[in-house]
Amino acid sequence: MTDPFIRTADKPVVFIDSGVGGLHYLRWVRDNAPDESLVYIADTLNFPYGEKRASHVQTIVVSLVDQVVKSFDPKLIVVACNTASVVALGALRNLFSVPFVGVVPAVKPAATLSKSKLICVLGSSRTVEDAYTANLIAYFASECRVISVSGREIIDFVETRFPGSSEDERELAVRNTLSAIHEEGVDTLVLACTHFLYLEEEFRKVCGAAVTVIDSREGVGRQVCKFLRRDNSPAAGQGRGTCFQTGGAAMNGHYTLFAEMFDLDYLGVFP
Ligand code: DGL
C-alpha cells in the first residue's frame with residue numbers, strides 16, 4: 001500500500017515543533033537550499049511542550065518522530081524546538097538512524113558577545129529549568145551571570161493569538177515578560193524558544209539598543225545546509241513545502257494563515 005504522506009520524488013527534510021515556532025527555521029533553510037522538499041509538522045495536539053515534564057515531552061517526541069519516519073522516510077529531521085531538543089535529542093539519536101539537527105539555546109554566542117557578562121536566557125519553562133540548559137551555561141558561559149526567564153505567556157500568545165493581533169498587543173506580550181531585564185542591566189538576550197521569533201522586532205524595541213537579541217537560526221540553518229551538501233541526494237522540492245498539524249484546540253483555521261505566511265501548502269492533520 002502506498003503511504004499517502006510520501007508525495008515527493010525525493011526524501012524531504014522534516015521540521016517538527018509543538019506549534020508554529022519552527023516555521024522560521026524552515027524559512028531560513030528554504031531560502032538557502034531552495035531545491036529541497038520541506039515538510040513541517042506542528043504537534044498542536046501536545047502543545048505546549050514547555051509546561052510538561054521532561055519524560056512526558058520525550059515520550060511525545062519519540063512517538064511523533066516514529067510516525068514521521070514511517071510516513072515520510074526523511075533525509076533529515078530538524079527538531080525546530082528548543083524544548084524538544086534539550087529533553088529528547090539524545091534519545092532520538094539513540095533510537096533512530098535518521099540524522100537529526102536540533103535547536104538549543106544560543107548560550108555560547110551570547111557569552112562571547114556579552115560585554116557586561118550579564119545574559120538573559122528566555123525560553124519555555126522546561127527549557128530554562130532543564131539540566132541540559134544548565135550544562136550549556138556551565139560549559140560555555142561560566143564567566144557570565146545568566147538570568148533564566150520563562151516566556152510561557154509569550155509562547156501561548158504566539159500560538160493562539162498572533163494572527164490578527166495588533167502591534168500594541170504584540171509589544172505588551174513582550175513587555176510584560178521582560179521587565180526583569182532592565183532592572184538587571186543585561187546586555188544580551190537569548191531567544192531560546194522558536195515561537196519568540198514572531199516577535200523579534202518587538203523584543204528589539206522593548207529591550208532597546210543596549211541589548212543584543214540573538215537566536216539559533218543561523219547556526220542551525222548552516223548546520224542543515226552543511227548536511228545537505230555532504231548528503232547530496234536528489235532534491236526535487238523546487239522551493240515548495242507542506243505543513244501539517246497533529247490536532248487539538250489549534251485546529252481553528254490559524255494554521256492556514258501561518259501556512260500562507262510561510263508560503264506552504266496546508267494539508268491538515270498528521271498522521
Ligand atoms: N517552540 C518551542 C521551543 O522552542 C516551545 C513551545 C512549547 O512550550 O511548546 O521551545
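Counting starts at 1 for both ligands and their atoms, in listed order.
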Item to check | Residue that, paired with Ile214, satisfies side-chain contact (heavy atoms from CB on, under 4.5 Å) out of Leu191, Val107, Leu113 | outcome: Leu113
Item to check | With Phe244, the ring-ring contact (aromatic ring centres under 6.0 Å, His included) member among Tyr40, Tyr255, Phe72 | outcome: Phe72
Checklist entry - Has Arg170 got its NZ or CZ under 6.0 Å from the middle of the six-membered ring of Phe162, at an angle within 45 degrees of the ring axis? => result yes
Between ligand 1 and the protein, which N/O pairs fall short of 3.5 Å?
residue, atom, partner, partner atom, Å
ligand 1, 1 (N), Asp17, OD1, 3.1
ligand 1, 1 (N), Asp17, OD2, 3.3
ligand 1, 1 (N), Thr194, OG1, 2.9
ligand 1, 1 (N), His195, ND1, 2.8
ligand 1, 4 (O), Asn82, N, 2.9
ligand 1, 4 (O), Asn82, ND2, 3.2
ligand 1, 4 (O), Thr194, N, 2.9
ligand 1, 4 (O), Thr194, OG1, 3.3
ligand 1, 8 (O), Gly50, N, 2.8
ligand 1, 9 (O), Ser18, OG, 2.6
ligand 1, 9 (O), Tyr49, N, 2.7
ligand 1, 10 (O), Asn82, N, 3.4
ligand 1, 10 (O), Thr83, N, 3.0
ligand 1, 10 (O), Thr83, OG1, 2.6

Next on the checklist: If you compare all heavy atoms of Tyr49 against all heavy atoms of Cys81, which two are closest, and at what distance to 0.1 Å?
Outcome noted: CD1-SG, 3.9 Å
Checklist entry - Counting heavy atoms not belonging to Lys117, are there more than 12 under 6.0 Å from its NZ? => result yes
Checklist entry - Less than 4.0 Å between a side-chain N and a carboxylate O, is that true for Arg152 and Glu51? => result yes
